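Some notes on the structure that comes next.
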Amino acid sequence: MNFKIKTDNLFKLKSECIVVGIYRKSEKEKGAELTASAARMNKASSEQIHQIVACGDIDGNIGSSLLLYDIRGISAKRILIVGLGVQREATAQGFRKAVMAAVKVLVDRNLASADMAILDDVRDEDRVNYARQIAEAVHQATYRYWETKSGDRPAMPLAKIGVVVDRKYRDVTQKGIDQGMAVANALSYTKTLANLPGNICTPTYLADRARELAKSHGLKVSVLDEKDMEKLKMGSLLSVSRGSVEPAKLIVMEYTGTEKDKNPVVLIGKGLTFDAGGISIKPASAMDEMKYDMCGGASVFGAMIAASEMDLPLNIIGIVPSSENLPDGAANKPGDIVTSMLGKTIEILNTDAEGRLILCDAMTYAQRYKPEVVVDIATLTGACIIALGHHASGLFSNSDELANELLVAGETVDDRAWRLPVWESYTKQLKSNFADLANIGGRSAGAVTAACFLQEFAKDFSWAHLDVAGTAWSSGSPKGATGRPVPLLVEFLIRRSEAGQEKGQSQEIG
Ligand code: BES
Ligand code: MN
Ligand code: ZN
């Protein structure tokens with residue numbers, strides 16, 4: 001994927017295809033209106049474009065499209081007209097949908113290159129995000145998993161994209177494209193890690209990938225093995241991995257983008273490389289999908305990649321506790337009691353509620369970094385899918401401020417989360433007669449009680465938890481990892497780094 005900002009005259013541009021937008025007149029009125037770029041092309045074509053649109057084959061609705069050939073007075077081979085919806089109601093989500101539709105047409109036609117002239121009339125404050133959405137949409141439409149298929153990887157469609165803008169918007173567009181490319185690289189990496197099968201993508205494999213990132217992305221990486229974790233008394237995490245021959249790893253990736261003494265954002269991602277449920281074994285149907293139980297961890301890898309490619313002025317620690325959850329003679333049994341690194345004892349009433357058991361020790365480990373905030377990301381509960389479906393990630397937090405930051409970030413880049421409560425009354429469902437805490441809280445509010453369990457280990461810092469069980473992959477066709485919530489996390493980090501810089505500047509002035 002290669003992007004180039006162009007400021008050429010649209011009708012003189014030699015191109016395989018130029019994409020231009022049209023609007024729908026209004027919600028009530030049918031019919032389309034030309035955007036500035038479409039109007040320019042229309043003039044050069046002596047009104048031919050207007051005539052075609054007036055036929056009514058395209059209405060300007062978001063994502064509608066019409067491919068044209070042989071237009072008079074235009075150097076490009078093709079023009080793709082794409083509907084952007086009603087102009088007054090334009091949103092980043094709608095724009096992204098339209099771009100996705102346009103890119104799909106180009107990819108279906110197997111075009112190697114195209115130019116997009118669809119950034120007309122964008123509000124100044126939206127320019128970076130809209131340009132970013134173009135790069136993300138192209139990634140979305142062109143990502144192919146090929147790692148475990150035989151034969152050569154097929155050539156990437158649409159390898160070259162031009163983004164045509166007025167000269168005065170060159171820099172702001174470039175900024176958005178750069179961000180979008182960083183997110184796209186992160187999404188690719190995250191999806192591929194997640195799509196890899198459990199027999200390849202083991203905790204050791206993840207640790208090796210992290211060590212590679214140390215070299216390629218200048219991260220500081222350390223990997224704790226089971227002996228190190230024993231010394232730290234991570235009895236809860238280690239208990240999950242006891243039923244598996246693959247040794248558990250605690251992967252720590254450090255990105256330093258500002259003064260070393262600035263407290264970091266800590267991201268913790270569940271890295272269960274395969275979750276069979278343990279002795280409380282899962283039913284066989286769709287169990288293969290539990291290779292995705294490391295999607296939270298994979299999104300932390302992605303966020304670290306994007307942050308370093310964007311040189312964000314922020315310190316970030318990514319922690320990925322990684323293990324398998326399998327049944328065998330040494331595995332956790334229902335009723336077993338383990339002691340977490342924090343000292344709290346946990347009665348394991350269901351060995352399939354293992355995510356919280358590995359995350360809680362990672363959260364305690366995070367304390368040594370004196371985090372500004374901790375955000376954990378986990379495919380934690382089937383109950384979250386029942387509550388929110390596949391549209392929103394579940395968000396839980398002990399801080400309204402942090403929760404709102406994450407909600408706004410997700411809203412901005414169309415990778416949304418929805419907040420659910422973590423009240424004391426729910427935590428009571430985790431009472432145990434034999435330990436400080438049980439690892440399950442009964443059938444009701446399963447996503448909430450899982451979050452309440454984690455909250456018990458977040459006493460000294462602002463913490464938020466994203467349950468991505470419903471959003472990190474799609475089961476239907478096309479089956480595969482979605483890369484969520486990488487876009488949300490990256491937007492959250494960008495916003496934090498910008499807020500930090502403003503604070504720094506005003507402090508200097510004051
Ligand atoms: N990894 C699963 C959660 C999950 C289930 C994600 C289905 C995506 C789809 C997690 O480890 C798990 O098994 N959770 C249990 C918890 C229960 C035993 C309290 C669940 O959701 O059934
Ligand atoms: Mn489980
Ligand atoms: Zn799991």
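Scope of the values below: all heavy atoms of this structure, side chains included, with no hydrogens, waters or symmetry mates. Order of listing sets the numbers, starting from 1, for every ligand and every atom in it. Everything numeric here is computed off the predicted structure, so don't read it as measured data.
- Nearest protein heavy-atom neighbour of atom 10 (C) of ligand 1: L380 O, 3.3 Å.
- The contact set between ligand 1 and T379, taken as ligand atoms under 4.0 Å from a residue heavy atom, comprises 1 (N), 2 (C), 3 (C), 6 (C).
- The line from CE of M294 to CD of E324 is 12.0 Å long, rounded to the nearest 0.5 Å.
- In terms of distance to the Zn ion (ligand 3), the nearest N, O or S atom of D275 is named OD2.
- When hydrogens are left out, the protein atom nearest atom 2 (C) of ligand 1 is D275 OD2, 3.6 Å; that is the closest non-hydrogen contact.
- Seen from the Mn ion (ligand 2), atom OD2 of D275 and atom O of D352 lie 170° apart in angle, a value rounded to 10°.
- With atom 16 (C) of ligand 1 as the reference point, the heavy atom nearest to it among R356, E354, K282 is part of R356.
- Using a 4.0 Å cut-off between heavy atoms, N325 makes no contact with ligand 1 at all.
- If you look at K270 next to ligand 1, the close heavy atoms, those under 4.0 Å, all belong to the side chain.
- With the Zn ion (ligand 3) at the apex, E354 OE2 and K270 NZ define an angle of roughly 90° (rounded to 10 degrees).
- With rounding to the nearest 0.5 Å, the separation of NZ in K233 from OG in S340 is 12.0 Å.
- A donor-acceptor pair under 3.5 Å is formed between the side chain of R484 and the backbone N or O of R416.
- Counting just the N/O/S atoms of D293, the one with the shortest distance to the Zn ion (ligand 3) is named OD2.
- A donor-acceptor contact shorter than 3.5 Å is absent between the side chain of S280 and the backbone of G277.
- Counting only N and O atoms by type, the side chains of K459 and Q367 include no donor and acceptor under 3.5 Å apart.
- Closest to atom 21 (O) of ligand 1 by heavy atom, among G382, A447, A469, A450, is G382.
- Looking at T351 and N332, their side chains never bring a donor and an acceptor atom within 3.5 Å of each other.
- Looking at atom 7 (C) of ligand 1, its nearest protein heavy atom turns out to be M290 CE, 3.6 Å.
- Among the atoms of L272, none of the N, O or S atoms falls under 2.8 Å from the Zn ion (ligand 3).
- At a 4.0 Å cut-off, not a single heavy atom of T449 sits close enough to ligand 1 to count as contact.
- The protein heavy-atom contact nearest to atom 18 (C) of ligand 1 is N350 ND2, 3.4 Å.
- In terms of polar-atom proximity, defined here as any N/O pair under 3.5 Å, T381 makes no such contact with ligand 1.
- Checked by atom type, the side-chain pair W463/Q455 shows no donor-acceptor distance below 3.5 Å.
- Side-chain contact of E347 with N439: a donor-acceptor pair under 3.5 Å is absent, judged by distance alone.
- Distances shorter than 4.0 angstrom do not occur between any heavy atom of E289 and any atom of ligand 1.
- Which parts of ligand 1 touch I440 is read off a 4.0 Å heavy-atom cut-off, strictly below it: atoms 19 (C).
- Between Y365 and Y369, the ring-plane angle classifies as perpendicular under the 30° and 60° cut-offs.
- Distance check for D352 against the Zn ion (ligand 3): none of its N/O/S atoms falls below 2.8 Å.
- Residue contacts with ligand 1: W473 is included, with a non-hydrogen atom under 4.0 Å away.
- Using a distance-only test at 3.5 Å, with no hydrogens or angles considered, a donor-acceptor pair links the side chain of K291 to the main chain of N195.
- A distance-only check finds no donor-acceptor pair linking the side chain of N61 to the backbone of G85 [under 3.5 Å].
- Heavy atoms from both the backbone and the side chain of D352 come within less than 4.0 Å of ligand 1.
- With 3.5 Å as the limit, one finds no donor-acceptor pair spanning the side chains of N315 and T256.
- Restricting E354 to its N, O or S atoms, the one at the least distance from the Mn ion (ligand 2) is OE1.
- Within the model, atoms NZ of K104 and CZ of R109 stand 9.0 Å from one another, a figure rounded to the nearest 0.5 Å.
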